Protein chains: 2
Amino acid sequence: MARPLTARQQTVYDFIVKTMAEFGYPPTRAEIARALGFRSPNAAEEHLRALDRKGVIRMIPGTSRGIRLPASGNESEPAEPQSSGLPIIGSVAAGSPILATEHIDRYCPLPADYFSPSADYLLRVRGLSMKDAGIFDGDLLAVHRTQQIRNGQIVVARLDDDVTVKRFQREGSRVTLIAENADFEPIVIDLELQHLEIEGLGVGVIRGGNGSGLH
Amino acid sequence: MARPLTARQQTVYDFIVKTMAEFGYPPTRAEIARALGFRSPNAAEEHLRALDRKGVIRMIPGTSRGIRLPASGNESEPAEPQSSGLPIIGSVAAGSPILATEHIDRYCPLPADYFSPSADYLLRVRGLSMKDAGIFDGDLLAVHRTQQIRNGQIVVARLDDDVTVKRFQREGSRVTLIAENADFEPIVIDLELQHLEIEGLGVGVIRGGNGSGLH
DNA sequence: ATACAGGCTGGAATTGTATCCAGTCATTGT
DNA sequence: ACAATGACTGGATACAATTCCAGCCTGTAT
């Protein structure tokens with residue numbers, strides 16, 4: 001719909017962009033004229049009209065510095081990686097893999113490497129078994145997928161098709177999953193008798209995302 | 001010289017920021033007056049002078065819409081409201097506004113409206129006074145700048161130039177700031193005797209960002 | 001040749017805006 | 001009690017800025 005800008009129009013447009021980046025507001029006709037050597041502000045006005053016709057700027061009539069740059073490519077700041085974000089996992093059905101699509105509630109627009117080690121997904125925690133570790137019902141636990149866990153770290157584990165978040169403690173073949181809440185008993189597992197699947201390591205917590213607020 | 005902004009000054013400042021984000025240029029005195037209900041553009045002018053004195057904006061004399069935001073690495077593009085992310089505030093020096101540039105540690109690439117009400121900045125919490133509310137030393141508290149607080153909500157308050165996070169309780173002119181930790185005594189303030197500045201409302205918590213990990 | 005758009009000068013009307021002055025009212029610090 | 005400050009109203013003034021009008025060139029399609 002719009003023909004390409006002429007060389008002169010491009011110069012005017014560039015000056016507008018540069019001015020807005022430098023000062024935080026658009027130039028006046030007189031400022032454009034001064035910068036480009038016009039002796040009349042009307043020359044700038046006509047260029048602005050042309051740029052408006054071609055859709056690269058929008059003029060707001062009767063308004064000083066009333067120039068807007070509509071949906072344009074933002075070139076002042078280094079572009080954000082803008083990955084799709086971390087998937088938020090709601091309830092996990094028995095026996096199905098955690099990252100199955102049907103568990104994905106929504107996405108959290110945070111880069112995976114915001115946490116370290118990097119997060120692979122966010123798990124919505126149910127219950128208060130980790131409240132003394134500051135993980136409450138409804139909180140999102142950032143999880144790094146790994147089987148390498150050291151004692152005392154917080155893990156996402158699967159026990160009999162049940163996904164839980166607990167503190168991990170291992171001595172030989174005996175693993176203890178400790179709740180951070182006096183009301184919950186530790187769970188003791190003998191790896192030679194029972195299977196324990198480690199889904200990942202807790203690397204962060206987010207609370208309050210999307211209306212859940214702070215209680 | 002840089003005392004914190006008054007509530008009204010904050011309102012004016014917020015309007016300037018909002019206008020620049022929405023339109024790509026700062027408001028005029030008349031526009032500020034219209035938006036905030038002043039009958040005289042002079043009321044806006046005086047607020048701008050106060051904001052300039054306190055360093056949060058800079059005025060360019062004789063220039064229409066001559067308002068700059070020197071603090072944030074603000075960009076002119078209205079393209080995406082959530083481009084740069086939320087500023088992370090480290091320690092706040094006595095008597096200076098929270099969002100002063102020198103307090104900004106880094107940015108968290110999360111859109112403000114991920115939380116609701118939307119977050120304006122993230123405050124790094126020091127100490128364990130809110131541990132029973134799941135807010136630990138080093139956690140980031142997402143803060144929505146407002147003075148409208150209901151009983152039981154978690155607030156960021158300034159008492160004698162000291163910034164603290166507590167649960168808010170008000171009965172008449174007596175405000176109680178309650179720590180969520182049995183080791184800390186509640187702080188009782190009589191608003192008629194002592195000044196209490198409410199900096200904002202806690203709307204979220206983030207833990208584990210960048211190497212701090214989970215303990 | 002003629003028409004038409006781009007790119008200007010020069011001037012001028014009109015409105016937008018910044019900025020000053022003189023007050024009022026309430027709060028706070030001395 | 002007094003001065004200082006914040007938060008305004010109301011009016012006024014001068015400059016800043018948009019916008020219109022009448023032209024003058026120079027190409028380039030018709």
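As the structure is a prediction and not an experimental result, all values here were calculated from the model.
Axis orientation changes by 30° from one end of the helix from C:dT2-D:dA29 to C:dT30-D:dA1 to the other, with each end axis drawn from 5 pairs and the value rounded to 10°.
Panel note: side chain A:E22, backbone A:T19; no donor-acceptor pair is recorded below 3.5 Å. Counting only distance, with no hydrogens or angles, the side chain of A:R145 and the backbone of A:D120 share no donor-acceptor pair below 3.5 Å. Listed for the B:R174 side chain is no donor-acceptor partner under 3.5 Å among the backbone atoms of B:L191.
Remark: A:K131 does not engage A:E180 in a salt bridge, criterion side-chain N to carboxylate O under 4.0 Å. In this structure, B:R58 does not pair ionically with B:D52, as no charged nitrogen and carboxylate oxygen lie closer than 4.0 Å.
Taking atom CG on B:L36 and atom P on D:dG6, their separation rounds to 17 Å, with Å as the unit. To the nearest angstrom, C1' of D:dG6 lies 9 Å from CZ of B:R53. B:D52 has its CG atom 14 Å from the P atom of C:dA18, to the nearest Å. In this structure, B:E197 places its CD atom 13 Å from P of D:dG6, rounding to the nearest Å. Remark: C1' of C:dT17 and CD1 of B:I32 are 12 Å apart, rounded to the nearest angstrom. Taking atom NZ on A:K54 and atom C1' on C:dG7, their separation rounds to 12 Å, with Å as the unit. If you take CE of A:M59 and P of D:dA17, they are 15 Å apart, rounded to a whole angstrom. Between B:L48 atom CG and C:dT19 atom C1' there is a gap of 12 Å when expressed in whole angstrom units.
Where B:A43 and B:G62 each meet DNA chain D at their nearest nucleotide, the meeting point lying more 5' is that of B:A43. Heavy-atom nearest nucleotides on DNA chain C were determined for B:E46 and for B:G66, and the one closer to the 5' end corresponds to B:G66.
Between the side chain of B:E45 and the base of C:dC20, no donor-acceptor pair of N or O atoms lies under 3.5 Å. At a cut-off of 3.5 angstrom, counting only N and O atoms as typed in the model, there is no donor on one side facing an acceptor on the other between the side-chain of B:N42 and the base of C:dT19.
In terms of phosphate contacts, A:R49 brings a side-chain nitrogen or oxygen within less than 4.0 Å of OP1 or OP2 of D:dC20. Taking 4.0 angstrom as the limit, A:R8 places a side-chain polar atom (N or O) nearer than this to OP1 or OP2 of C:dC8. Distances shorter than 4.0 Å separate some side-chain N or O of A:H47 from OP1 or OP2 on C:dG7. Residue A:R29 places no side-chain N or O under 4.0 Å from the OP1 or OP2 atom of D:dA16. For the pair A:R39 and C:dG7, the criterion of a side-chain N or O lying under 4.0 Å from OP1 or OP2 is not met.
Checking each of B:T176, B:D132, B:I178, B:N151 against B:R167 for a side-chain contact (heavy atoms from CB on, under 4.5 Å) leaves exactly one that passes, namely B:I178.
Base contact: B:S40 has a heavy atom under 4.0 Å from a base atom. Nucleic acid contact class of A:S64 (heavy atoms, under 4.0 Å, all strands): sugar-phosphate only.
Counting only heavy atoms from C-beta on, A:Q9 has its side chain closest to C:dG7 among C:dG7, C:dT19, D:dA17.
For the pair A:R207 and A:F136, the cation-pi criterion (under 6.0 Å, within 45° of the ring axis) is fulfilled.
Of all non-hydrogen atoms in B:L51 and B:Q9, the two that sit nearest each other are CD2-O, 3.8 Å.
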